[in-house]
**Q** 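Quick one: structure below, then a few questions.
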Amino acid sequence: MTDNVLVWLNDPQNWSGTRFTPGIGAQIAAHLLYTAIALLVAGAIAFPLGIVLGHTGRAGWLVSVANGLRSLPTVGLLILLYVMVSPLISGRGDAPYLVPTEIALVLLALPPILANTYAGVRNVPPDARDAARGMGMTGPQVLLRVELPNALPLVFSGLRSATLQVIATATIAAYVGLDGLGRYVYDGLASHQFGQMAGGAVLVAALALLVDLVLALVQRLTVSRGVSGRFSRRAAGGDGRTAAVTELTAGSGEGRERGGNDAEDSSRPVAVLAPSGKHPPG
Amino acid sequence: MIRFDEVTKAYPDGTVAVDELTLTAPSGQITVFVGPSGCGKTTSLRMINRMIEPTSGTITIDDRDVTSVPATELRRGIGYVIQHAGLFPHRTVADNVATVPLLTGTNRRQARTRAIELMERVGLPASFADRYPAQLSGGQQQRVGVARALAADPPVMLMDEPFSAVDPVVRDQLQREFLRLQEELGKTIVFVTHDIDEAIRLGDTVAVLDVGGRLAQLATPADLLATPADPFVAGFVGRDRGYRALAFVSAEVAVVPEPTVTLGEPLARARDVAVDDWVLAVDAGHRPQGWLHLPDGGGLSGDEVQPELLNLGGTLAPAGGTLREALDAALSSPSGRGVVVDDDGRLVGSVSAATVLRHIDTAGAGVSPGGRA
Amino acid sequence: MTSAAGSAPWDLFGYFADHRGQVLELLWSHTWLSVLPVVIGLLVSLPIGWLARRYRWVYPSVVSVTGLLYTIPSLALFVIMPMLLGTQILDPVNVVAALTVYTVALLVRVVADGLAAVPDDVMQSATAMGLTRFQRLRKVELPLAVPVIAAGLRVATVANVSLVAIAGTIGIPELGQLFIIGFQLSVNGPYYPPIVLGIVLCVLLALVLDGLIVLGSRWATPWQRVVAAR
């Protein structure tokens with residue numbers, strides 16, 4: 001069976017496409033486009049909302065409601081919205097499929113982005129926030145220079161979890177007629193071509209892994225090491241001596257250096273069910 | 001000079017956090033607000049930099065009403081240190097220290113140079129500049145907090161329980177260095193603590209606040225110990241007041257010479273000079289190392305004075321120190337003779353508890369008002 | 001497939017009355033497809049989680065592997081499973097296997113963290129009282145880790161109920177079929193009852209299973225109730 005998949009994946013015609021069917025490259029592009037649209041819209045709503053709610057500490061219930069959305073079955077939501085919205089769209093081409101599925105994708109992407117942004121801003125150490133105000137930062141300065149940089153890890157985990165959710169659900173959206181990599185799965189199933197079906201599945205998995213990897217890299221580059229706790233080993237090693245010097249010059253009893261262990265400890269989840277707690281993608 | 005003029009903070013639910021507080025925190029001095037939780041000490045402090053706005057009354061800094069300038073501008077001119085330091089986790093130590101200079105438009109390089117200078121001033125090596133707060137111990141973080149508050153060289157500093165979250169040994173050390181720093185800088189400091197010992201140790205003036213934001217007493221530490229204004233203050237100041245008051249009286253007592261042996265000398269010589277079976281051992285630099293016990297016929301093994309033979313009991317009293325230090329040295333010494341040393345740790349002589357007590361008797365020092373020397 | 005009931009969302013009760021046998025059958029298979037992976041997943045996760053706790057170098061690799069597994073969309077995993085297991089495409093075993101993978105990915109970390117959360121002094125006094133390593137695990141560590149593990153089980157179970165429905169789109173019978181039926185009957189205008197019924201039953205099933213885990217966890221940790229009552 002694996003052979004079928006390899007054959008299908010190795011067939012250049014499947015990549016370039018024919019006059020009637022788009023190639024794999026085009027389907028990947030379509031898949032990414034649907035994902036990007038949903039994330040942009042959801043981000044434009046949930047990100048500012050999460051920041052404002054987190055900053056003011058008000059309307060936490062809204063976050064709980066959004067989280068409640070997560071327990072709805074994604075396929076059910078997708079098909080419900082499709083059945084509801086599709087007859088209202090009289091456009092040509094993809095619009096009758098695209099609009100309802102994008103609404104569903106946005107609805108699925110909202111909760112993780114909102115909840116994590118909210119929690120990220122809420123979880124900024126209150127001392128740091130207090131000190132920022134006490135040193136004369138204005139409200140926007142506190143937000144941009146202190147709260148956001150510290151909220152970034154959670155913001156990113158929300159964004160990544162939303163992205164995976166959207167990529168996964170966009171695959172299922174092929175069932176109601178949308179393009180994208182899901183096409184291969186459902187077309188392959190309908191025409192009993194297992195190679196195409198599993199090949200599509202492999203491509204979806206690879207795409208999800210790749211996108212998540214890219215986001216992880218962006219996260220690495222933007223999140224301060226002081227927050228992520230990734231302190232370079234070399235620096236930590238070199239610090240051993242200077243720490244000893246401090247102990248002597250600054251006196252004794254300041255407790256052990258914590259740098260070495262922190263890198264390991266801060267990678268551990270603080271709470272298993274923090275809002276960032278991963279839900280499997282749809 | 002910071003003046004509170006009938007300042008009241010009441011909340012909509014009727015709680016009064018601060019009740020018509022009127023007091024002056026003199027320039028260049030440390031004024032400590034102390035009291036149990038709920039006494040409004042932190043609220044009072046935070047009204048100075050307008051983190052909390054008073055319900056009524058005015059607060060002035062050097063005769064200028066704090067509400068006459070925008071809150072952010074006011075705060076940039078006031079150093080602010082809080083309990084857990086409140087360092088920004090995402091910024092390096094140097095960037096943390098440089099926060100206010102960067103806010104007020106100092107260029108990066110200058111701000112960094114200044115930051116490193118300040119770090120050294122509070123006892124942190126320059127190599128810490130590029131570390132993150134999570135890489136520091138609690139005491140080190142608190143030092144960074146102090147450096148950060150000093151960065152814009154503000155004339156006024158507000159400190160809210162800055163040393164409460166560190167262990168006693170580190171706290172003692174931070175307090176000592178804080179006093180040394182204040183001697184150099186002469187800032188006008190308002191310091192909040194719940195710890196009466198810290199208040200007495202650090203304050204030039206201590207304001208004791210009662211629950212409900214009532215000012216119970218405003219006095220120097222010595223006066224506070226000697227004449228508590230009411231039962232609340234007396235209770236809050238606590239036990240051992242008479243003994244603790246000795247910490248504010250210079251020990252102008254006669255120090256008598258103390259015979260010594262040097263490490264490595266023969267035990268026989270130690271026996272010759274011992275007084276009441278005890279002799280003080282010193283090193284080549286004449287710094288006390290411990291006491292040697294030589295009871296009659298008591299067989300000490302070996303024939304030289306060696307460190308492992310010494311009894312290390314007994315605190316050292318600095319020459320020119322306080323009566324409390326002198327008395328403690330005498331009481332804690334196994335020989336009953338308190339060891340007095342100079343600034344370099346070299347032996348000056350010894351003092352007995354009886355001598356110190358006689359001095360207290362005749363001078364009326366300590367427990368009576370005006371006993372502060 | 002005609003129905004006496006109308007096509008509005010609130011006609012789900014009528015739809016249920018008309019198709020009772022079929023719907024209950026779908027509900028039943030949905031239930032075991034959701035629960036079985038959690039049971040297997042827990043049995044697999046306990047030893048691996050314990051290893052990750054016991055040998056600290058195992059933990060980072062466990063975290064990265066589970067992170068990777070989580071990234072794979074479930075539909076893809078359902079379809080890839082036959083390649084790995086040699087099963088038929090429409091075999092429900094694929095669903096169980098795929099969801100077990102997710103459950104293990106979640107629970108291994110939860111078990112390791114739950115065991116790590118047992119206070120050191122408790123472990124030391126257990127050792128000091130002469131309990132063997134296995135006794136410590138069975139009588140002290142596991143019971144104390146129950147609340148954390150139960151929390152993980154809740155997440156896994158609720159997620160599984162939603163994920164199982166996806167398998168309906170590739171023809172595996174469970175509540176997801178109701179969405180497919182609704183979709184197919186909506187060619188000439190929306191036909192809501194089976195779709196809404198499917199969503200409602202999925203949510204109810206998730207709530208009931210979640211409640212059962214909460215009850216089970218309470219029953220297993222009487223000391224927690226005492227604390228909560230205080």
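The sequence lines fix the lettering, A, B, ..., with proteins before strands; numbering per chain opens at 1.
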**Q** To the closest 0.5 Å, what do you measure between OG1 (T171(A)) and CD1 (I167(A))?
**A** 8.0 Å
**Q** Select one option (side chain, backbone, both, neither) describing which atoms of L68(C) are under 4.5 Å from chain A's heavy atoms.
**A** both
**Q** Ignoring hydrogens and geometry, is there a side-chain-to-backbone donor-acceptor pair from E174(C) to L27(C) under 3.5 Å?
**A** no
**Q** Counting distance only, does the side-chain N/O of S61(C) pair as donor-acceptor with the main-chain N or O of V58(C) below 3.5 Å?
**A** yes
**Q** Given that the side chain runs from C-beta out, which part of L77(A) has a heavy atom under 4.5 Å from chain C: side chain, backbone, both or neither?
**A** backbone
**Q** Answer yes or no: does atom OH of Y192(C) have more than 12 heavy-atom neighbours from other residues, nucleotides or ligands under 6.0 Å?
**A** yes
**Q** Can you confirm if the aromatic rings of F183(C) and Y191(C) lie within a centre distance of less than 6.0 Å?
**A** no
**Q** Shorter than 4.5 Å, heavy atoms on both sides: which option in I170(C), T169(C), V158(C), I199(C) has the most such pairs with chain A?
**A** T169(C)
**Q** So L178(C) and I195(C), side chain to side chain contact (heavy atoms under 4.5 Å, CB included) or not? Walk me through it.
**A** CA-CA 6 Å; L178(C) 291 174; I195(C) 302 175; over 6 Å; no
**Q** For L189(A), which atoms come within 4.5 Å of any heavy atom of chain C: side chain, backbone, both, or neither?
**A** side chain
**Q** Check whether A165(C) gets within reach of chain A through its side chain, its backbone, both or neither, counting any heavy atom under 4.5 Å.
**A** both
**Q** Heavy-atom cut-off 4.5 Å, strictly under: side chain, backbone, both or neither for V211(A) against chain C?
**A** neither
**Q** Do T163(A) side-chain atoms and L159(A) backbone N/O form a donor-acceptor pair below 3.5 Å?
**A** yes
**Q** I'd like to know which of V204(A), V185(A), I79(A) tops the heavy-atom pair count under 4.5 Å against chain C.
**A** I79(A)
**Q** Heavy-atom distances under 4.5 Å only: say whether F78(C) touches chain A with side chain, backbone, both or neither.
**A** neither
**Q** Pick from A208(A), G182(A), P73(A): which one has the most heavy-atom pairs with chain C under 4.5 Å?
**A** P73(A)
